[in-house]
2 protein chains.
Amino acid sequence: MARTQGSHSDITGPRIQAAALELFARHGYAAVSMRQIAAQVGVQAGALYNYIPDKQTLLFRLMRDHMETLLDTRRMQAGAGDPEARLRDFVRFHIRFHLERPDAVFIAYMELRNLTPENFARIEELRGDYERDLQDILRDGSAAGVFSVPDTKLATLGVIAMLNGVNTWYRSGGRLSLDEVEAVYWSMVRKAVAA
Amino acid sequence: MARTQGSHSDITGPRIQAAALELFARHGYAAVSMRQIAAQVGVQAGALYNYIPDKQTLLFRLMRDHMETLLDTRRMQAGAGDPEARLRDFVRFHIRFHLERPDAVFIAYMELRNLTPENFARIEELRGDYERDLQDILRDGSAAGVFSVPDTKLATLGVIAMLNGVNTWYRSGGRLSLDEVEAVYWSMVRKAVAA
DNA sequence: GTCTATAAGTAGATAGAC
DNA sequence: GTCTATCTACTTATAGAC
């Protein structure tokens, strides 16, 4: 609010994204005003428009950046091995990645309905890329006879839904450590798809 | 909008709830105005306040009614039997009940953050009652040696998260019938908790 | 019970000074 | 690049006529 004038382009842009991420996650996109975001950053509302054309684009960029980070990080970590090893890696990766950025995860699937149709389609395409990764593992495992799933597409969606649930209840410092949570979910997933 | 004056108390109340349910599910609580709800009902905005004290109470009643219907319906249908039969009944009940009312389900967990703290606590209590039902089944099955879950609380949350995922993709008339979906998910759940 | 009119405030976005 | 000021439109909720 009280703020000296000057040039801060390198720093203000990321701060706007960070403020929007936190506020959208807590209150929801529609409930947060541009003035609230500006106040959290420490600028006036008009200054936001040096960095984003409009509120919708701000939301879209948060979601797109999150999905691209998800895909890039996964590509770097995905290893080879037999289907069971690949599935275990996927489960551990998914839980860990999502627990590390709860705000972005929350937004990326709670605010889908607030995207324009064009932006929605682009996000859904990225989500499809990620799901295909798991589906390939389940398909390969089924072909090799080590997995037995009634339907690879539904098994994919079922496993991801189960893993996403972790974000709704996990708090670090709680009853279970991250390693224990990963072990528990890996146990359930492994059995659910076992031959 | 053009609307003759007169008395419609028996019919307008439920129509307000129905309109709010649909609009909140589609656009989100914060993004829907009282005028939009009124327009969908066919009255002016002021008339809504003969039925609800404010917008927050309208949201709360939708969520409370949904949760109470869930609990009441479950109580009527829950049968006895061995733990595996009870678990199968729960899975089938959960999928069917939730697919029958996608709007209410969507609201009941997407709009939790828009409840006042008091209203939030009341809804969470009802949700806890429902989860306890499944947790009891898993506990009894584990004690009897027919299930083996690393942690009954996490298994409860994991199973419910997986089942809730059905609502995000199922469309009647799609590739799979309701019976097939139930069979697929029952297969995965059964194996996930099997001894 | 519904209407019209209105109060009092906030929304997203822009213009122009500095 | 940020500020202040402002435009236009919309928000929830209420008052009082019918």
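Naming: A, B, ... by sequence-line order, numbering from 1 per chain. All values reported here derive from a predicted model rather than from experimental measurement.
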Checklist entry - With side chains defined as the heavy atoms from C-beta onward, is the minimum distance between A:Tyr185 and B:Leu154 less than 4.5 Å? => result yes

Next on the checklist: Between the side chains of A:Glu84 and A:Arg190, is the shortest nitrogen-to-carboxylate-oxygen separation below 4.0 Å, so that they form an ion pair?
Outcome noted: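 Salt bridge absent between A:Arg190 and A:Glu84.
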
Checklist entry - Between B:Arg175 and B:Glu180, is there a side-chain N and carboxylate O pair less than 4.0 Å apart? => result no

Figure out the [atom1]/[atom2] separation between [X] and [N], and round it to whole Å.
{"X": "B:Ile52", "N": "C:dG1", "atom1": "CD1", "atom2": "P", "value": "14 Å"}
{"X": "B:Leu48", "N": "C:dT4", "atom1": "CG", "atom2": "C1'", "value": "15 Å"}
{"X": "A:Gln36", "N": "C:dT10", "atom1": "CD", "atom2": "P", "value": "11 Å"}
{"X": "B:Ile11", "N": "C:dT2", "atom1": "CD1", "atom2": "P", "value": "10 Å"}
{"X": "A:Gln44", "N": "C:dG12", "atom1": "CD", "atom2": "P", "value": "14 Å"}

Checklist entry - Only one of A:Gln17, A:His27, A:Gln40 forms a side chain to side chain donor-acceptor pair (under 3.5 Å) with A:Glu22, so which one is it? => result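 Answer to the side chain to side chain donor-acceptor pair (under 3.5 Å) test with A:Glu22 among A:Gln17, A:His27, A:Gln40: A:Gln40.
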
Item to check | Selection from D:dC3, D:dG1, C:dG1 that lies nearest to any side-chain heavy atom of A:Asn50 | outcome: D:dG1

Item to check | Nucleotide nearest B:Ser33 (side chain, heavy atoms from C-beta), chosen from C:dT2, D:dT2, D:dT11 | outcome: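 Closest nucleotide among those given: D:dT11.
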
Next on the checklist: Within this structure, what is the CE-CZ distance for the pair A:Met110 and B:Arg113, rounded to the nearest 0.5 Å?
Outcome noted: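 Rounded to the nearest 0.5 Å, the CE-CZ separation comes out at 4.5 Å.
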
Under 3.5 Å, which protein N or O atoms sit close to an N or O of nucleotides 13-16 of chain D? Give each pair with its distance.
residue : atom : partner : partner atom : Å
D:dA13  : OP2  : B:Tyr49 : OH           : 3.1
D:dA13  : OP2  : B:Lys55 : N            : 3.1

Checklist entry - Within the pair B:Thr12 and C:dT2, is there a side-chain N or O less than 4.0 Å away from OP1 or OP2? => result yes

Next on the checklist: My understanding is that only one of A:Arg64, A:His66, A:Glu111 makes a side-chain contact (heavy atoms from CB on, under 4.5 Å) with A:Ile123; could you say which?
Outcome noted: A:Arg64

